[in-house]
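Have a look at the structure below before the remarks.
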There are 2 protein chains.
Amino acid sequence: MGRPREFDMEAALTKAMRLFWRKGYEGTSLSDLTDAMGITRPSLYAAFGNKEELFFKVLDRYDRETSAFIQGALNAPNARAMAEGLIFGACAFHSDKRNPAGCLMVHGALVGSDESLAVRRETSLRRSELKGRITQRLKQARTKHELPQGADPAALAGFLVAVLRGLAVEAASGARPVDLKRIAAVAMAAWPE
Amino acid sequence: MGRPREFDMEAALTKAMRLFWRKGYEGTSLSDLTDAMGITRPSLYAAFGNKEELFFKVLDRYDRETSAFIQGALNAPNARAMAEGLIFGACAFHSDKRNPAGCLMVHGALVGSDESLAVRRETSLRRSELKGRITQRLKQARTKHELPQGADPAALAGFLVAVLRGLAVEAASGARPVDLKRIAAVAMAAWPE
DNA sequence: CCCATTGTGTATCAATCGGTATATAAGACT
DNA sequence: AGTCTTATATACCGATTGATACACAATGGG
């Protein structure tokens, strides 16, 4: 019951995501958001809570956006294929011209004023969760002898995410697809065996 | 002539640098700055121009801060020593508890509102300048046969700065010194020869 | 039809943003 | 001393920040 919502929440969320992705959490104002989403301020607050809650919903939306290539990489048949899937998948992701430059999870809220602490902690948490999932995958890879006995899953996972962050920063700085692929190719030379 | 300045410009600039370093350009307000620098708003504007000019002067100050280990690395006797100097130098830099977390040149102004475009372009420019210097160093390294003939100086330089950016993001996320060093060690495994 | 419920639009809130006008204070120079 | 120049301090500017009060519109249930 009640008056039906006149806008598409998912479409509005996508608009918000692209804006946060481009300008970051604090660089995006409510006026920016309502303009892009095509709704009024009260509608935004009624539908999404407030700016912070909207950003959290956007993070979920972003996770759905990126889960395809990340989940695909984690399901790769062996450790090297997983590493390649992650790194070259990130290259393709950052080379897709339909996407804003860089990675929302990296520069969406990396630093900022004290008011945005909760937002920074959330993105930081999600970044470390990705590292954790990669670490777990590499641990089981070692038991399956997909990795040399001396290889350190945590160290390799740390390196992988560091390269992903580096690719994201370079992409946000306007790196071309070929630049990203070159970085990826050199990085893969570090992979054991 | 005229009334003498009552504060130490260099000390005030250092305070400003540490604040921008921690909160980023747009995350740092003028009130934050004047509070930390211990001066009033008109004094700040008389001495440094405006927020944007102050940030540019802070970037110069930051370059002086980081030039030690970077210049040292670029002057290393061979290409591998340069790479190690850069990567492990960055680890040490980010592990120094006297420094704010992360890298001002990376997260000081990576994204933001349209008003800060000039600031983002400047940090982006300085980042690419570093890559250029590394590339030049690697080109002369190849002529001196410090690198295999097949090695690509531009690709290696791109990889190096990507790892530096990755280390910066991880450091900004609270990575411990040992985490950074592990990333560095794996990265160096990608180095040719 | 009438009412309860919920979304929308206007107009506005206090707080903060970067930036200054104005007056005064403190030194150097003649 | 008197004057010129520059720094400091107070108080303020218009604009924008995130967030709402209020009135009204649109639906479903009785």
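Labels below follow one simple rule: chain letters A, B, ... track the order of the sequence lines, proteins then strands, and each chain is numbered from 1.
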B:Met1 CE to D:dA7 C1', in whole Å, measures 15 Å
- Message: With heavy-atom distances below 4.5 Å as the criterion, would you say the side chains of A:Lys23 and A:Pro100 are in contact?
- Response: no
Closest of C:dG19, D:dT17, D:dT8 to the B:Glu6 side chain is D:dT8
note: B:Arg3, atom CZ; C:dC29, atom P; distance rounded to Å ~ 18 Å
Atom CG of A:Leu33 and atom P of D:dT17 are separated, to the nearest Å, by 10 Å
Self-check item: Under 3.5 Å: donor-acceptor pair, side chain of B:Ser124, backbone of B:Arg121
Solution: no
Ordered by number, residues from residues 8-25 of chain A within less than 4.0 Å of DNA chain C (heavy atoms) are none
The answer to which of B:Pro4 and B:Thr28 contacts DNA chain C further toward the 5' end, by nearest nucleotide, is B:Thr28
Salt bridge or not between B:Asp60 and B:Arg126? Use side-chain N to carboxylate O under 4.0 Å.
yes
Note to self: Ring centres under 6.0 Å, that's the criterion: do B:Trp21 and B:Phe55 meet it?
What the structure shows: no
What residues 37-47 of chain A contributes to the DNA chain D interface at heavy-atom separation below 4.0 Å is A:Arg41, A:Pro42, A:Tyr45
Rounded to whole Å, CG of B:Leu54 lies from P of C:dG19 at a distance of 10 Å
Atom NZ of A:Lys51 and atom P of D:dT17 are separated, to the nearest Å, by 9 Å
Once you apply a heavy-atom cut-off of 4.0 Å, does B:Ser113 come out as touching a base, just sugar-phosphate, or nothing? nothing
- Task: Apply the test side-chain contact (heavy atoms from CB on, under 4.5 Å) to residues A:Leu130 and A:Leu164: give CA-CA distance (whole Å), side-chain angles for both, the deciding distance (0.1 Å), then the verdict.
- Result: CA-CA 11 Å; A:Leu130 174 61; A:Leu164 294 183; 4.3 Å; yes
Of all heavy-atom pairs linking B:His107 and B:Ala172, the shortest is ND1-CB, 4.0 Å
Kindly indicate whether a cation-pi arrangement holds for B:Lys51 with B:Tyr25, taking the cut-offs as under 6.0 Å to the six-membered ring centre and within 45° of the axis. yes
Decide yes or no on salt bridge (charged side-chain N to carboxylate O under 4.0 Å, His left out) for A:Arg127 and B:Glu170, but give the supporting numbers first. CA-CA 9 Å; A:Arg127 286 197 301 273; B:Glu170 292 302 301; 5.4 Å; no
Separation of D:dA25 atom C1' from A:Arg5 atom CZ, nearest Å, is 16 Å
Classify A:Thr34 by what it touches in the nucleic acid, base, sugar-phosphate, or nothing, heavy-atom distance under 4.0 Å.
nothing
Atom CZ of B:Phe7 and atom C1' of C:dG27 are separated, to the nearest Å, by 16 Å
When rounded to whole Å, the CD to C1' distance for the pair A:Glu115 and C:dT16 reads 9 Å
- Query: Salt bridge check: are B:Arg61 and B:Glu65 linked by an N-O gap of less than 4.0 Å?
  - Reply: yes
